[in-house]
Amino acid sequence: MSVANLPRTESNVLRGHEGAVLAARFNANGEYCLSCGKDRTIRLWNPHRGLHIKTYKSHGREVRDVHVTPDNSKLSSCGGDRQVFYWDVATGRVIRKFRGHDSEVNAVKFNEYASVVVSAGYDRSVRAWDCRSHSTEPIQIIDNFLDSVMSVCLTKTEIIAGSVDGTVRTFDIRMGREISDNLGQPVNCISLSNDGNCVLAGCLDSTIRLLDRSAGELLQEYKGHTCKSFKMDCCLTNTDAHVTGGSEDGYIYFWDLVDAQVVSSFRAHSSVVTSVSYHPKDDCMITASVDGTIRVWKS
């Protein structure tokens with residue numbers, strides 16, 4: 001993908017959250033997006049038409065993350081009230097609340113079959129919950145982190161988590177083994193490359209690091225943005241050609257994957273950019289901010 005095709009033109013602004021938006025995520029096919037924030041709500045949007053579709057209210061504190069199943073029928077969310085919520089998208093009903101984390105929950109992800117949701121928390125643990133069971137107890141607890149777990153990714157057989165303790169840890173669920181890569185800086189956000197071979201780790205020293213998953217080798221570092229005190233997203237574009245992430249000064253950055261040069265940066269928000277989500281197929285992305293807006297960008 002050429003730099004000319006990067007999504008840098010604002011096509012819509014999604015307004016409705018009262019206060020900071022903490023995460024915004026496209027659904028699996030990129031037709032819809034979900035957002036969540038300080039106002040304790042989750043909102044479903046059609047970002048391409050700028051339409052608010054539905055609001056989900058049941059959390060007692062801020063909502064920090066949200067993820068929707070591949071078939072768009074269920075969503076999971078988490079935040080300051082220490083619980084993982086499992087919702088029916090159509091009715092807006094909470095099907096189940098999973099309890100067990102001892103502190104705020106930072107991140108949630110469904111597995112590809114939408115049968116399990118995995119959460120990461122301030123209590124230094126990652127927990128897996130069975131969506132099909134009526135039990136509210138976790139089916140697995142991974143608690144050998146030394147500090148808050150900020151972000152989690154899933155593959156077919158692995159749970160990958162990034163922690164403030166400076167590690168990205170990969171747990172092979174079938175083999176029952178753990179691989180730990182120590183980056184030496186607090187890890188704020190992790191995301192997988194589209195080919196699954198690399199993991200991108202946003203760190204609190206204003207550096208995004210690219211790791212080779214098979215060898216754990218540090219392949220590249222991306223700098224220029226400010227990330228020191230906020231949880232912020234980073235991700236690869238859908239072609240894996242560029243890395244993108246937000247900055248505490250409201251800017252969005254694009255880096256060339258290979259040579260780590262900043263190929264584009266622009267002011268996207270009036271305050272900290274908390275979240276970036278790239279469309280699975282098109283040259284389109286959404287960004288969210290402490291300024292209370294979600295912005296839709298196209299090329």
Is the shortest distance from a Lys or Arg side-chain nitrogen in [X] or [Y] to a carboxylate oxygen in the other one below 4.0 Å?
X    : Y    : result
R169 : E158 : no
D65  : R25  : yes
E112 : K156 : yes
E10  : R295 : yes

More than 12 heavy atoms from other groups under 6.0 Å of [atom1] on [X]:
X    : atom1 : result
K223 : NZ    : yes
K281 : NZ    : yes
K57  : NZ    : no

Which pairs, with at least one residue in residues 43-55 and sequence neighbours excluded, count as a salt bridge (Lys or Arg N to Asp or Glu O under 4.0 Å)?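 Passing the test, one end in residues 43-55: D39-R43.
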
May I ask you to check whether [X] and [Y] place their ring centers less than 6.0 Å from one another?
X    : Y    : value
H48  : H279 : yes
F110 : W129 : no
H59  : F85  : yes

Parallel, tilted or perpendicular, as decided by the 30° and 60° cut-offs, for the rings of W255 and Y253: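 It falls in the parallel class, under 30°.
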
Parallel, tilted or perpendicular, as decided by the 30° and 60° cut-offs, for the rings of Y86 and F98: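 Taking Y86 first and then F98, their aromatic rings sit tilted (interplane angle of 30° to 60°).
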
So does T157 get a backbone contact from the side chain of R174, meaning a donor-acceptor N/O pair under 3.5 Å?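 Not a single qualifying donor-acceptor pair exists.
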
Report yes or no: does T207 contribute a side-chain atom to a donor-acceptor pair with the main-chain N or O of D205 at less than 3.5 Å?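 Such a contact is found between T207 side chain and D205 backbone.
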
With no hydrogens and no angle check, do the side chains of [X] and [Y] hold a donor and an acceptor under 3.5 Å apart?
X    : Y    : answer
T239 : H242 : no
H17  : S35  : yes
R213 : N197 : no
N144 : E178 : yes
S11  : W297 : no
S148 : N106 : yes
S275 : D233 : yes

Verdict with reasoning, T41 to V63, per side chain to side chain contact (heavy atoms under 4.5 Å, CB included): CA-CA 7 Å; T41 69; V63 189; over 6 Å; no

Residue of the set L154, V152, L192 for which side chain to side chain contact (heavy atoms under 4.5 Å, CB included) holds with I160: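 With I160 as partner, side chain to side chain contact (heavy atoms under 4.5 Å, CB included) holds for just one option, L192.
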
